[in-house]
Amino acid sequence: MIKAGIECNIRTYATLIDGYARRGSLEEALRLCDEMVERGLIPNTVIYNSIIHWLYTEGDVEGASSLLLDMIDKRISPDQFTYSILTKGLCRNGFVKQALEFYNDVLEKHLIEDTFSYNILINHLCRNGNLTGAKQLLCSMFVRGLIPDLVTYGTLIDGYCKEGNIESAVQVYENMIKVEEKPNLVIYNSIINGLCKEASVDVAKCLLDALQRMKLRDVITYNTLINGYCISGKFTEAFALFSEMRNVGILVNKASYNTLINFLCKTGCYQQARELMKMMILRGMAPDAITYTTLITNFSKNCSPEEVIELHDYMVLKGVIPDRQTYRAIVNPLL
DNA sequence: CCGGTGCCAC
């Protein structure tokens with residue numbers, strides 16, 4: 001663009017900066033910020049939002065905070081994106097209480113009314129098992145005149161399903177239907193997961209068949225049910241479903257393999273588990289940190305230290321980035 | 001140009 005004499009504007013830089021940050025190159029993103037300033041362009045709210053978001057994702061709460069202060073200092077006004085980014089950043093780094101306080105503060109000042117931030121808070125309360133708090137937040141949305149959307153309902157349904165409280169999940173589902181919201185695939189997947197975890201795999205399978213007829217299913221639907229079969233000890237069905245995916249045109253992913261590898265390990269089939277890991281490599285999928293943790297923890301309990309180290313070396317050679325905790329706790333002491 | 005939900009481990 002520069003060579004062609006087309007001027008790069010803030011939007012050009014914002015796109016590049018977010019792209020680099022998204023790919024994990026925060027340093028390059030920050031370098032581009034400097035570059036644009038040198039060219040007389042001032043980073044706007046969008047750019048600040050993007051960088052703050054990716055700093056939080058990396059776990060750099062301090063870096064994110066100082067950038068926020070810098071933003072305020074330079075009188076670049078935060079918007080509803082900023083608030084939701086802060087809400088999620090605080091939550092995911094363990095500051096759920098602060099996030100709630102922050103959000104109440106923002107609401108009291110009538111700065112913003114935003115479903116996104118509510119959804120984030122509800123999600124984190126659910127994950128911490130505080131379904132009562134999550135439900136209260138839903139109520140306070142109504143009080144503030146905010147309309148819950150599919151994500152709000154889906155988040156609560158998932159929360160209740162994970163808690164094993166199918167009755168409440170159904171209640172939320174029915175309320176959702178009343179306000180004319182049709183469930184989306186994400187919600188169906190949560191329900192399938194809930195059914196599997198309370199040992200109703202067969203009901204879950206019926207739901208999958210129904211979704212199949214509507215052509216409404218994806219790799220997560222299948223993975224969830226494969227996991228459900230594994231939980232119930234139905235390996236034949238699990239592997240059958242794994243094979244069936246190819247026929248219906250849904251590509252297996254790393255999670256599909258990881259699920260089966262885990263349950264092969266749990267039933268003592270360590271060599272088969274390792275073979276399946278090699279199979280995923282042959283299919284062009286490098287093992288990930290979860291494959292690594294699954295195999296290493298199970299091998300360390302049941303196989304020789306040499307085998308564990310050999311396994312570690314092999315996976316690293318194939319491109320895995322070892323899970324730090326697993327490496328420190330298990331592999332490192334063996335070296 | 002930036003934010004929210006679902007599958008796999010510990």
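Below, chain A is the first sequence line, B the second, and so on; all start at residue 1. For clarity, every value in this text was computed on a predicted model and none was experimentally measured.
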Just call it for A:T87: base, sugar-phosphate, or nothing, with non-hydrogen atoms closer than 4.0 Å on any strand. nothing
> So what does A:L185 hit on the nucleic acid, given a heavy-atom distance under 4.0 Å: a base, only sugar-phosphate, or nothing?
Replying inline: base
With sequence neighbours left out, the residues meeting side chain to side chain donor-acceptor pair (under 3.5 Å) with A:T267 are none
Side chain to side chain donor-acceptor pair (under 3.5 Å) pairs touching residues 33-49 of chain A, sequence neighbours excluded, are A:Y13-A:E35, A:Y13-A:R39, A:R31-A:E35, A:Y48-A:D70, A:N49-A:D79, A:N49-A:T82
Whole-Å distance, A:N258 CG to B:dC8 C1', equals 5 Å
Side-chain atoms of A:V186 come closest, of B:dT5, B:dC2, B:dC10, to B:dT5
For B:dC7 and A:K162 - does any side-chain N or O of the residue sit under 4.0 Å from the phosphate oxygens OP1/OP2?
yes
In numerical order, the residues of residues 224-246 of chain A whose heavy atoms come under 4.0 Å of DNA chain B are A:T224, A:N227
(message) Counting the atoms with a prime plus P, OP1 and OP2 as sugar-phosphate, which does A:R127 contact under 4.0 Å by heavy atoms, base, sugar-phosphate, or nothing?
(response) sugar-phosphate
A:I309 meets the side chain to side chain contact (heavy atoms under 4.5 Å, CB included) criterion, sequence neighbours left out, with A:D313, A:L334, A:L335
Expected list for residues 261-279 of chain A near DNA chain B, using heavy atoms below 4.0 Å, is A:N262, A:K266
Q: Please check if any side-chain donor atom of A:N262 sits under 3.5 Å from a side-chain acceptor atom of A:T294, or the reverse.
A: no
Which of B:dC2, B:dT5, B:dC8 is nearest the side chain of A:V151? It is B:dT5
Winner on side-chain proximity to A:K197, out of B:dT5, B:dC10, B:dC8, is B:dC8
Q | Sugar-phosphate, base or nothing in reach of A:T259, heavy atoms under 4.0 Å | A | sugar-phosphate
To the nearest angstrom, the CD1-C1' distance between A:I85 and B:dC1 comes to 12 Å
A:I321 atom CD1 is separated from B:dC10 atom P, nearest whole Å, by 20 Å
From CD1 of A:I220 across to P of B:dC8 the rounded distance in Å is 10 Å
The reported gap from CG in A:L26 to SG in A:C33 (rounded to nearest 0.5 angstrom) is 9.5 Å
With sequence neighbours left out, the residues meeting side chain to side chain contact (heavy atoms under 4.5 Å, CB included) with A:T326 are A:Y292, A:T293, A:I296, A:T297, A:D323, A:I330
Exercise for the section: Tell me what A:R22 touches on the nucleic acid: a base, only sugar-phosphate, or nothing, going by heavy atoms under 4.0 Å. Expected result: sugar-phosphate
To the nearest angstrom, the CG-P distance between A:N253 and B:dA9 comes to 13 Å
When rounded to whole Å, the OH to P distance for the pair A:Y20 and B:dC1 reads 18 Å
> Does a side-chain heavy-atom distance below 4.5 Å link A:D73 with A:L69?
Replying inline: no
From the candidates B:dC1, B:dC2, B:dA9, the one with an atom nearest any side-chain atom of A:D323 is B:dA9
key: Touch class at under 4.0 angstrom, heavy-atom based, for A:I120 against every strand present   = sugar-phosphate
A:Y48 OH to B:dC2 C1', in whole Å, measures 14 Å
Of the listed B:dC2, B:dT5, B:dC8, the closest approach to the A:A255 side chain comes from B:dC8
Ring pair (Phe, Tyr, Trp, His ring centres under 6.0 Å) pairs touching residues 195-238 of chain A, sequence neighbours excluded, are none
Sorted by chain and residue number, the salt bridge (Lys or Arg N to Asp or Glu O under 4.0 Å) partners of A:K234 (sequence neighbours excluded) come out as A:D202
Worksheet item: Base, sugar-phosphate, or nothing for A:D288, non-hydrogen atoms under 4.0 angstrom?
Response: nothing
Taken to the nearest whole Å, CG/A:L67 to C1'/B:dC2 is 13 Å
Side-chain contact check for A:N223: nearest option of B:dT5, B:dA9, B:dC7 is B:dC7
Pairs of donor and acceptor atoms involving the side chains of residues 190-198 of chain A, under 3.5 Å and at least two apart or interchain, shall be tabulated with distances.
{"unit_1": "A:S190", "atom_1": "OG", "unit_2": "A:D158", "atom_2": "OD1", "d": "2.8"}
{"unit_1": "A:S190", "atom_1": "OG", "unit_2": "A:V186", "atom_2": "O", "d": "3.4"}
{"unit_1": "A:N193", "atom_1": "OD1", "unit_2": "A:K197", "atom_2": "NZ", "d": "3.3"}
{"unit_1": "A:E198", "atom_1": "OE2", "unit_2": "A:S200", "atom_2": "OG", "d": "3.3"}

